[in-house]
Amino acid sequence: MKRGLVLSAALALAAPAAAQSLNARLAGDLVPTHDPVIAREGDTYYVFGTGLDSRSSTDLVHWQAGPKLIEHLPDWATKLIPGAQGAWAPDISRVDGRWRLYYSVSTFGSNRSAIGLATSPTLDPRAPGYGWRDEGLVLQSTPASDYNAIDPNFVIDAEGRHWLTFGSFWSGIKLVRLNSATGKPLDPAAAPIGIARRPAPAGAPAPIEAPFILRHGGWYWLFASYDYCCKGANSTYYTVVSRAKAITGPYLGKDGSAMLQGGGTIFLRADLTEKQRFRGPGHPGFLHDKDGADYVVYHAYDRENKGAPTLRIAPIRWGADGWPVAED
C-alpha cells in the first residue's frame, strides 16, 4: 500500500502542470475596466470601456493603457443630457473602411439618455489619419420613453442589413434598423423592437442591460446582463445567452425560456461561494479572431482589490449542443 502511494505521488509530480486560463495570465493595465468591447486591427488587440478608455495588447495577455478615444463630449451631447460627465459603454465595429464607435451618454439612474457615433480610419493612435470624427446623435430616450438609450451594440444580419441593439432597465432590450450608409436609424419614427425584458411589478426595478448580438452556426445569439453592476464586490451581475433564427427574435434559452419573460441560459456567473475572487461578471463584448477563435471580454469586480472593476477575457468553446461556453 505504501509503495502504491509513493508511486502515485511520483506520477503526480512528474505530470505537467495544468495550463493556466487566459484570465489567470492577464497582466498589465487591467483596472479600471468597465463595460468593455474588444477589436483587432493588424497584430494589435484593443479594448475600449466606459470613459472611452483604451487598452492594447499584441498577445491578449499583456495590456497597456492608451489615450482616451474622446477627451470631451461633443456640444450636442452636453446640451441634450445635462449633467453628463462622460461617455459610457462603447461598441466598436469596422464598416466600409472606417471604425464605428457607438457610445452612451446619460446620468446614473436616468433614462434621459442618448447614443452617439464617432468614426476613425484606424484604431492605432500612432497611425497616419488617426482621429475620431463626431458623427452626432444616433438616437435618444427621455423620461417619457419606456426604454433607456444606452449600451449600444451594432450588428449586421445574414442579409447584410444593419441593426443596433441597446437598452438598460425600463422595458428592456430594444432593436432598431439602421441606414447602412449613415449608421443611424433607417426610420427615425419607427418604434424600437423589443427583444428581451425582465417583467417586474409596477414601480419595481427590472435589471437587464448590456445586450450583444452575434451570428454563429445559423443562429443569432443574444447576450445580456441581469441584476446589478456598479456595487464593487457586492455586485450581483451575471450574463445570460439565448438564440433565435431571426434577428428580431424570439430569443430563447436552452430550456426554451423566453428572453421577453426574463429567461435565457446562464453564460457568466460568479461562483456563489465566498471564496470566489471576481464578482459580478457582465457587460460582455465578443471577438471572432482571425484564426477562427472566439473570445468574450467582460468586467468583474475584484474582491482582493477593493472591488475594482477589472478586465476579464475568456475563450469561447462551442459545445456539442451548439451552445457557447466561456472557458473561464
Side-chain angles (χ1 to χ4, degrees), residues 37-39 89-96 99-104 115 117 138-139 141 145-168 170-198 208-226 239-265 267 282-288 294-298 316 318 321-324:
V37 288
I38 187 169
D91 184 67
I92 191 74
S93 298
R94 183 79 172 175
V95 183
D96 295 334
W99 289 96
R100 284 187 185 176
L101 176 77
Y102 289 94
Y103 60 90
S104 315
I115 293 172
L117 175 63
V138 176
L139 54 87
S141 57
S145 306
D146 72 344
Y147 58 87
N148 193 10
I150 66 171
D151 292 1
N153 168 239
F154 171 82
V155 60
I156 300 176
D157 70 15
E159 286 73 45
R161 298 172 298 182
H162 292 194
W163 301 81
L164 195 73
T165 184
F166 63 92
S168 175
W170 276 264
S171 63
I173 305 304
K174 305 297 182 181
L175 186 71
V176 295
R177 177 91 179 271
L178 299 178
N179 181 310
S180 60
T182 66
K184 298 182 180 182
L186 186 64
D187 179 1
I193 301 165
I195 57 173
R197 62 189 292 265
R198 294 191 78 187
I208 179 174
E209 58 189 6
F212 200 105
I213 295 175
L214 58 84
R215 288 166 50 202
H216 178 86
W219 295 89
Y220 295 95
W221 299 84
L222 171 63
F223 298 80
S225 292
Y226 283 176
T239 297
V240 300
V241 61
S242 58
R243 70 182 185 182
K245 280 296 184 180
I247 195 168
T248 52
Y251 286 92
L252 306 178
K254 191 182 295 190
D255 61 356
S257 58
M259 288 289 282
L260 280 170
Q261 296 299 321
T265 296
F267 179 68
H283 210 293
F286 294 85
L287 172 69
H288 183 66
D294 291 321
Y295 297 92
V296 57
V297 61
Y298 59 100
I316 295 173
W318 294 90
D321 61 359
W323 285 75

*How would you list all residue pairs meeting side-chain hydrogen bond (donor to acceptor under 3.5 Å, both in side chains) that involve residues 176-194, not counting sequence neighbours?*
none

*Chi angles and distances behind the side-chain contact (heavy atoms from CB on, under 4.5 Å) call for Y251, I213*: CA-CA 11 Å; Y251 286 92; I213 295 175; 3.8 Å; yes

Could you check whether any side-chain heavy atom of [X] comes within less than 4.5 Å of a side-chain heavy atom of [Y], counting everything from C-beta outward?
| X | Y | result |
| --- | --- | --- |
| V297 | L287 | no |
| W170 | S145 | no |
| K245 | W219 | yes |
| V241 | P324 | yes |

*What's the verdict on side-chain contact (heavy atoms from CB on, under 4.5 Å) for F166 and I115, showing C-alpha distance, side-chain angles and the deciding distance?*
CA-CA 9 Å; F166 63 92; I115 293 172; 3.8 Å; yes

_Which heavy atom of D255 sits nearest to which heavy atom of G264, and what is that distance?_
OD1-O, 4.4 Å

State whether the side chain of [X] and the backbone N or O of [Y] hold a donor-acceptor pair below 3.5 Å, judged by distance alone.
| X | Y | answer |
| --- | --- | --- |
| D151 | S168 | no |
| Y102 | A89 | no |
| T265 | K254 | yes |
| T165 | L175 | no |

*Not counting sequence neighbours, which residues clear side-chain hydrogen bond (donor to acceptor under 3.5 Å, both in side chains) with H288? List them please.*
D294

*Chi angles and distances behind the side-chain contact (heavy atoms from CB on, under 4.5 Å) call for S242, L252*: CA-CA 5 Å; S242 58; L252 306 178; 5.6 Å; no

_For H162, the option from V95, D157, V176, V155 that meets side-chain contact (heavy atoms from CB on, under 4.5 Å)_ = V95

_Test salt bridge (Lys or Arg N to Asp or Glu O under 4.0 Å) applied to R215 - qualifying residues, sequence neighbours left out_ = none

*Could you check L164 against F154 for side-chain contact (heavy atoms from CB on, under 4.5 Å), going step by step and ending with a plain yes or no?*
CA-CA 5 Å; L164 195 73; F154 171 82; 4.2 Å; yes

_Taking the six-membered ring for Trp, are F286 and F223 closer than 6.0 Å centroid to centroid?_
yes

